[in-house]
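Below you'll find the structure, written out as structure tokens, and then a few comments.
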Amino acid sequence: MAYRWKNDLTHADVTPNAAFMNRRQLMAGIAGLGLAAMARPAAAAEGDLKPNSWEEITSYNNYYEFGTGKEDPAQNAHVLTTKPWSVKIDGMVDNPGDYAFEDIMSKMTVEERIYRFRCVEAWSMVVPWNGFELADLLNMAGVQSGAKYVAFETLYRPAEMPGTAYKVLEWPYREGLRLDEAMHPLTLMATGIYGKPIPNQNGAPLRLVVPWKYGFKSIKSIVRITLTDKEPPTSWNMANRREYGFYSNVNPNVSHPRWSQANERRLGGGLFASRKPTLMFNGYEKEVAGLYEGMDLAKFF
Ligand SMILES: Nc1nc2c(c(=O)[nH]1)N[C@H]1C(S)=C(S)[C@@H](COP(=O)(O)O)O[C@H]1N2
Ligand SMILES: [Mo]
């Protein structure tokens, strides 16, 4: 890719959430900047890029391996063992192998990305992720010239995952991207939120984040990445191919068979939770529309 994504804002610019700062920083902020500066973050929140709170992001989750209720993952995922952790990278790569999580982290550049996050169920949040570009990891593995797709798998460990007793989906949870989507600079491997290690319920120790696609493409707790020349099977598509396409790009003009995707409910703020029009490619049209030039997005939904 010719460019690296630059954030317009960091969470320090946009977070009015005092709980995120520790007390010393807060006092220093008040002493050093004065009240006018302390008031600035809310004003700088630039409409829809104001991050949700830590509490919101980590207590309302979809992670069916731990149950299908929104509160189930936060309640059940603490038993997940994430140390040691390794990711098998295989298929059409020059350097296949089992990569220890720590070894990956020692080679990757972690940065902050504040992204909109839009679930196919029509709710949304804004999350200040920490992570590295998937492209950097794939380049480390050495993608071979015939590879066209990337397949991902979540850990499948029934003893720690009560939700897998029910066959609501094909386990292990599987997802996939076209290679050019995977190499796009917006495509992130997230390892943190608000500068802290990513909590189990959000997909510890590393999960995919593809901000222009519906949330289910952003597969959690990844243990395997396979480069292949065929479109890989994916769990939601296997469950219902009429409702969940391989691409699943956020698109307000293509309805889910059972509901409209024109609007979304932005979580947070209690009484101030609001409905917003859903943006084409979740607001990342400028960056990603080129990937789909000439494609019928209603057919390849
Ligand atoms: N392994 C796995 N990954 C998953 C899911 C899941 O059930 N299992 N749910 C997906 C869905 S539907 C969404 S909306 C997001 C939710 O991410 P969050 O809980 O961090 O907000 O994770 C996605 N990744
Ligand atoms: Mo979702």
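Numbering of ligands and ligand atoms starts at 1, following listing order.
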Report task. Identify which of Thr164, Thr58, Asn62 has a heavy atom lying nearest to atom 9 (N) of ligand 1. Result -> Asn62
Query raised in the report: Hey, which atoms in ligand 1 end up nearer than 4.0 Å to a heavy atom of Cys119?
Result: 14 (S)
Query raised in the report: With respect to Arg116, which candidate in Asn282, Asp48, Thr278 satisfies the side chain to side chain donor-acceptor pair (under 3.5 Å) definition?
Result: Asp48
Requested in this report: Only heavy atoms count here, so choose which of Tyr214, Trp171, Tyr173, Trp236 is nearest to atom 10 (C) of ligand 1.
Outcome: Tyr173
**Report entry** Beyond-backbone contact of Lys107 with Phe132, side-chain heavy atoms, under 4.5 angstrom
**Finding:** no
**Report entry** Pair Glu181 + Lys213: basic N to acidic O under 4.0 Å
**Finding:** yes
Requested in this report: Would you check whether Trp129 has a nitrogen or oxygen atom less than 3.5 angstrom from a nitrogen or oxygen atom of ligand 1?
Outcome: no
Report task. Look only at the side chain of Tyr115 and the backbone of Leu186, and say whether a donor-acceptor pair between them is shorter than 3.5 Å. Result -> yes
Report task. Name the closest protein heavy atom to atom 21 (O) of ligand 1, giving the residue it belongs to and the distance to 0.1 Å. Result -> Phe117 CE2, 3.8 Å
Query raised in the report: Taking distance alone, with no angle check, do Trp123 and ligand 1 share an N/O pair under 3.5 Å?
Result: no
Query raised in the report: What are the two closest non-hydrogen atoms of Ala182 and Leu177, and how far apart are they?
Result: CA-CD1, 3.8 Å
Report task. Assess Gly203 for proximity to ligand 1: is some non-hydrogen atom of it under 4.0 Å away? Result -> no
Query raised in the report: For Tyr64, which residues count as a ring-ring contact (aromatic ring centres under 6.0 Å, His included) partner, sequence neighbours excluded?
Result: Trp236
Query raised in the report: Does ligand 1 have any atom sitting under 4.0 Å from a heavy atom of Glu175?
Result: no
Query raised in the report: In terms of side-chain heavy atoms, does Arg266 have a donor or acceptor partner in Ser124 at a distance below 3.5 Å?
Result: yes
Query raised in the report: Between Tyr60 and ligand 1, does any nitrogen or oxygen pair lie at a separation below 3.5 Å?
Result: no
Query raised in the report: ligand 1 versus Arg207, non-hydrogen atoms closer than 4.0 Å: side chain, backbone, both, neither?
Result: side chain
Query raised in the report: So which heavy atom in the protein is nearest atom 7 (O) of ligand 1, and how far is it from that ligand atom?
Result: Tyr64 N, 2.7 Å
Query raised in the report: Which of the atoms of ligand 1 are close to Asn61, meaning less than 4.0 Å from one of its heavy atoms?
Result: 18 (P), 19 (O), 20 (O)
Requested in this report: Apply side chain to side chain donor-acceptor pair (under 3.5 Å) to Lys276 and Asn263, showing your working.
Outcome: CA-CA 6 Å; Lys276 295 182 173 290; Asn263 295 287; over 6 Å; no
Query raised in the report: Where is the nearest protein heavy atom to atom 19 (O) of ligand 1: which residue, which atom, and how far?
Result: Lys220 NZ, 2.7 Å
Query - Which of the ligand 1 atoms, numbered from 1, are nearer than 4.0 Å to a heavy atom of Ser218 - result: 22 (O), 23 (C), 24 (N)
Query raised in the report: Do side-chain atoms of Asn76 reach the backbone of Phe66 as a donor and acceptor pair under 3.5 angstrom?
Result: yes
Query raised in the report: Hey, does the Lys NZ or Arg CZ of Lys220 hover above the aromatic six-ring of Phe152, less than 6.0 Å from the centre and inside 45° of the axis?
Result: no
Query - Which segment of Glu65 sits under 4.0 Å of ligand 1 when only heavy atoms are counted - result: side chain
